[in-house]
Asker: 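Right, I'll just put the structure down here and ask away after.
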Amino acid sequence: MIIASVCVDNPSKEIDRLFDYVVPENLKEQIKIGMRVIVPFGTSNRLIQAVVLDIKEEQECEIVYKEIYDIADEEVVLSNDLIQLAYFMKKNYFCTLSEAIFSILPPEVHFKEQIEARLISENYDVSKREAKFLSMLSREKYLKIDLSTINLKRSDLISLKNRGIIDLKVGIRQNTSKKTIELCRLKDLIKADEIINNNRLKQQKRVVEYLIDKGSEVTLSQIIEELECTRSVIKALVDKEVVEIIEKEVYRDVAADYVHYPRHSLTLTQRKAIEDILSSYKNGRRVTLIRGVTGCGKTEIYLNLVEHFLNQDYGAIVLVPEISLTPQTVERFKGRFGDKVAILHSRLSEGERYDEWRRISRGIAKVVVGARSAVFAPIVNLKLIIIDEEHEYSYKSELNPKYLTKDVAEFRVNLLDGLLVLGSATPSIESYYNVSKGHYNLVEIDERIGDSTLPEVKIVDMRNELASGNKLIFSRELYNSIEENLRNNKQTILFLNRRGYSTFVSCRQCGYVCKCSNCDVSLTYHISSNTLECHYCGQKVNVPNLCPKCGSKYIKYFGAGTEKIEQEVKRLFSGARVIRMDMDTTRKKGEHERLYRLFKEHKADILIGTQMISKGMDFKNVTLVGVIAADTTLNLPDFRAAERTFQLLVQVAGRAGRGTDKGKVIIQTYEPDHYSIQLAAVQNYNEFYRKEIEIRRLLNNPPFTDLTYFLFTSNREDELIKVCKLIEYNIKRVLPKDFTILGPTPNFISKIKNTYRWNMVIKGNIINYIELIDKIIYDNTRSTSVKYSIDINPYSLI
DNA sequence: AGCACGCCGACT
DNA sequence: GTCGGCGTGCTC
């Protein structure tokens with residue numbers, strides 16, 4: 001008897017183990033490790049998907065195993081290296097094997113069980129509820145049943161079947177259908193001749209002649225379009241067996257319209273960088289970090305590296321932070337490698353992503369360009385992974401498993417003897433630390449491509465502005481520069497990492513601040529909707545005319561967001577054409593690209609935006625970048641605040657002066673002496689690293705230790721506190737003395753959507769204690785209202 | 001996580 | 001007596 005051990009698609013901790021199934025006779029030849037199968041599961045045998053992880057022969061066994069219902073695809077979906085990756089993730093990220101496996105597979109291949117029922121006997125004795133259901137059924141044919149809309153449970157249906165009242169057909173339905181096109185071709189040439197010689201059938205004759213002329217298969221839609229005929233003409237020919245229609249699977253084309261992107265001649269620096277990377281790879285170095293200033297031509301280096309591996313028939317993965325934000329990168333890769341490139345990002349429809357995924361796994365696409373999850377792409381013969389802007393926080397998954405893309409990529413290249421290239425102008429402290437320890441090879445590039453030079457950066461102390469009587473959001477320096485830029489017909493980018501109009505609304509008489517009723521945060525005023533909005537739960541409320549607490553009418557708006565900047569710009573610089581890009585203006589699909597192109601084509605003079613405009617965008621005509629408030633990220637209670645501020649400022653500054661004209665950057669701040677602002681202004685990464693790494697060492701923060709962040713949530717505050725303390729006590733007993741446990745304490749945002757939040761942080765190398773701690777937390781929360789999430793080395797401790 | 005089973009109170 | 005609410009325990 002052949003037994004297959006499978007991992008079922010169920011994220012629950014309770015069943016985080018393999019289950020054995022008998023492989024039926026008809027599947028014995030086809031079944032392989034890494035295949036997706038459908039199995040009956042649980043007492044009611046509902047059908048779910050699973051992945052085969054082991055196949056073994058067993059002579060006799062005491063347990064009666066169930067049989068595998070069917071295979072889900074013809075091919076293996078999880079290659080051996082990806083299976084090993086799943087185990088790696090389970091071991092490192094506090095997640096179940098199922099969570100790991102089903103985040104490696106594309107999410108859209110999920111199955112839905114489909115139940116159909118038919119009435120077979122009307123002589124029944126049933127309950128009212130059952131009778132109501134039976135009245136919907138018919139004797140003649142099976143009807144699809146949606147369990148969520150009827151008042152019966154699965155077991156009730158089975159009971160009806162067992163009593164001989166209905167018959168059931170249980171099957172599965174794949175959520176994402178393959179897209180097919182209809183191809184038309186000649187079937188019978190003699191009959192075709194008859195049609196041509198028959199003068200009465202003018203339209204049919206045209207179709208046949210057209211097909212003969214083309215000499216091969218033509219799509220149905222093409223015939224209809226070109227001959228301006230209808231479907232019925234072709235249908236008639238099909239009925240006469242003159243032509244036949246075949247359905248062929250097509251892949252939805254994700255970036256069909258690309259223009260060829262020619263090979264650029266490389267600069268000496270670029271050539272040296274490539275040689276360095278490849279020779280260190282030959283010497284067994286798996287990882288190279290490129291630290292290159294913004295605008296130094298990293299993409300061209302990536303393109304050449306990919307080409308180098310493609311020439312040897314190896315595949316590559318290129319990761320960029322949230323790809324839709326950088327249409328340029330897609331253009332370049334598609335333009336250079338054409339159909340060999342697959343694109344994977346979050347804004348693809350399910351069908352599109354599924355198609356791209358299969359193009360990859362079948363080896364049709366050799367290169368994938370994508371966001372975070374594309375690191376799992378089943379590239380055939382994978383040898384190269386590139387992570388651009390490697391420091392970006394979007395490379396850390398916020399969902400379970402909370403993997404760091406770089407770790408996954410490193411695991412994969414180590415397994416496949418491949419090469420990992422990390423690129424950034426401001427590498428993460430962790431990565432650069434790996435360089436200093438000799439784990440990574442380093443390539444540094446300090447010159448920009450062509451004539452463009454690094455912009456001149458000015459730091460403006462906003463305290464002086466206020467002291468000099470300037471109450472505007474813009475300093476005099478920034479104001480004058482914007483005006484000058486408008487006069488010279490140059491473009492300006494204004495950056496502020498806060499959306500909305502004002503960040504909080506407060507009463508000047510009693511100090512009351514408008515807060516969300518569901519969350520522990522202040523509400524943001526949005527002028528476009530004239531409401532107060534909660535950025536955590538989305539609640540919108542009307543602005544009070546009078547203070548809800550003291551009844552005074554001195555309600556005032558404090559703090560500026562992008563909406564306010566937009567309004568101020570329009571007020572102060574009348575005639576300037578303004579585009580605002582933030583979550584509110586780019587929510588609609590395609591809106592992001594539209595605004596990007598508008599600005600690129602110089603249809604606007606000033607671009608105002610949040611984080612989303614800080615990376616990847618390349619505007620030649622931008623000579624001025626203004627950072628409205630550099631301190632917004634600096635003062636958060638987070639050990640990475642300085643690093644994030646530095647990175648953000650360098651990235652934003654890099655948007656200026658990418659063309660021939662020298663750029664200018666103005667950074668407004670209330671803390672002009674802070675080292676991350678000072679060093680960002682002169683773009684001195686090395687000095688920043690030296691300062692920052694010392695602080696990390698002193699405070700024992702990553703990369704010197706692991707930080708494990710536990711978030712506990714519940715809508716019952718008292719129980720939450722009790723459980724947290726209990727967990728802390730139990731963990732303290734098992735962990736060695738060199739571990740530090742911080743907390744448990746209420747979270748920075750102590751309540752979201754009426755759910756209370758407490759957190760706890762453990763400092764120390766935790767990897768060997770994961771299972772133990774996981775069990776303690778699981779046991780202590782099991783029969784309570786407390787939910788938890790665990791994150792190893794999170795990007796933010798807030 | 002589902003889902004069934006089983007025990008207990010409410011109600012035609 | 002039957003309906004349904006939720007605590008408990010299992011899933012090859």
Side-chain angles (χ1 to χ4, degrees), chain A residues 1-24 27-28 31 33 35-72 90 94-103 105 107 110-115 124-133 145-163 168 170 172 399-401 713-716 719 774 777-790:
Chain A
M1 191 161 48
I2 311 278
I3 301 292
S5 298
V6 306
C7 172
V8 294
D9 183 9
N10 183 324
S12 167
K13 285 240 184 275
E14 315 259 349
I15 46 173
D16 188 20
R17 61 199 153 100
L18 300 188
F19 290 87
D20 289 344
Y21 283 85
V22 174
V23 179
L27 294 179
K28 270 184 184 161
I31 205 142
I33 289 175
M35 238 180 202
R36 218 153 44 101
V37 291
I38 312 292
V39 294
F41 194 69
T43 34
S44 70
N45 285 327
R46 81 208 139 85
L47 296 172
I48 56 169
Q49 65 170 339
V51 171
V52 179
L53 292 179
D54 194 19
I55 298 171
K56 58 204 173 191
E57 180 98 48
E58 237 168 70
Q59 300 307 335
E60 52 186 276
C61 51
E62 322 79 63
I63 318 161
V64 188
Y65 296 121
K66 290 179 186 174
E67 268 197 5
I68 286 178
Y69 176 82
D70 201 357
I71 54 173
K90 173 177 159 59
F94 278 95
C95 72
T96 66
L97 189 62
S98 181
E99 281 174 323
I101 284 179
F102 290 95
S103 55
L105 292 175
H110 279 137
F111 282 94
K112 268 209 173 130
E113 190 182 56
Q114 183 169 298
I115 303 173
Y124 43 73
D125 180 20
V126 294
S127 71
K128 258 196 217 149
R129 280 188 314 145
E130 287 173 329
K132 197 176 160 207
F133 167 68
I145 307 298
D146 183 354
L147 281 174
S148 61
T149 59
I150 61 169
N151 199 16
L152 296 181
K153 281 182 278 179
R154 233 191 106 96
S155 55
D156 300 321
L157 295 183
I158 291 164
S159 151
L160 282 168
K161 186 190 174 185
N162 291 340
R163 280 140 66 196
L168 289 177
V170 179
I172 46 120
L399 302 170
N400 262 346
T713 54
S714 166
N715 46 16
R716 292 171 50 183
E719 188 177 47
D774 207 23
I777 293 176
Y778 178 71
D779 288 343
N780 283 290
T781 52
R782 184 161 41 182
S783 50
T784 72
S785 62
V786 178
K787 305 250 183 299
Y788 64 94
S789 112
I790 307 172

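Here is how names work: the chains are called A, B, and so on, in the same order as the sequence lines, proteins then strands, and each is numbered from 1. It should be emphasised that the depicted structure is a prediction, and the values quoted were computed from it without experimental measurement.
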Asker: For a 4.5 angstrom cut-off between non-hydrogen side-chain atoms, does A:Arg782 reach A:Lys13?
Answerer: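 The answer is no; the side chains never approach within 4.5 Å.
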Asker: Give the minimum heavy-atom separation between A:Ile33 and A:Ile55, together with the two atoms involved.
Answerer: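 For A:Ile33 and A:Ile55, the tightest heavy-atom pair comes out as N-CD1, 3.7 Å.
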Asker: Please give, in whole Å, the distance from C:dC12 C1' to A:Tyr69 OH?
Answerer: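 Spelled out: OH on A:Tyr69 to C1' on C:dC12 is 19 Å.
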Asker: Can you give me the closest heavy-atom contact between A:Ala50 and A:Val39, atom names plus distance?
Answerer: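 The pair with the smallest heavy-atom distance is CB-CG2, 4.1 Å.
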Asker: Whole Å only: how far is the CG atom of A:Leu157 from the P atom of B:dA4?
Answerer: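 Spelled out: CG on A:Leu157 to P on B:dA4 is 10 Å.
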Asker: Could you check how far CG of A:Leu47 sits from C1' of C:dC12, rounded to whole Å?
Answerer: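 Those two atoms, CG and C1', are 15 Å apart.
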Asker: Quick one: A:Gln49 CD to B:dA1 C1', roughly how many Å, whole number?
Answerer: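 So the CD-C1' distance, A:Gln49 to B:dA1, works out to 15 Å.
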Asker: Could you check if a side-chain atom of A:Asp70 sits within less than 4.5 angstrom of a side-chain atom of A:Leu27, using non-hydrogen atoms only?
Answerer: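 Yes. Closest side-chain heavy atoms under 4.5 Å.
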Asker: Could you write out each protein N or O paired with an N or O of nucleotides 5-11 of chain C at a distance under 3.5 Å?
Answerer:
from	atom 1	to	atom 2	distance (Å)
C:dT11	O3'	A:Gly42	N	3.4

Asker: Report the distance from atom NZ of A:Lys13 to atom P of B:dA1, rounded to the nearest whole Å.
Answerer: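 Rounding to the nearest Å, NZ of A:Lys13 and P of B:dA1 are 10 Å apart.
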Asker: With distance as the sole test, does A:Tyr65 use its side chain to make a donor-acceptor pair with the main-chain N or O of A:Val23 at under 3.5 Å?
Answerer: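 No: the side chain of A:Tyr65 does not pair with the backbone of A:Val23.
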Asker: Does either side chain, that of A:Glu719 or that of A:Ser714, offer a donor lying less than 3.5 Å from an acceptor on the other one?
Answerer: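 No, A:Ser714 and A:Glu719 have no side-chain donor paired with an acceptor closer than 3.5 Å.
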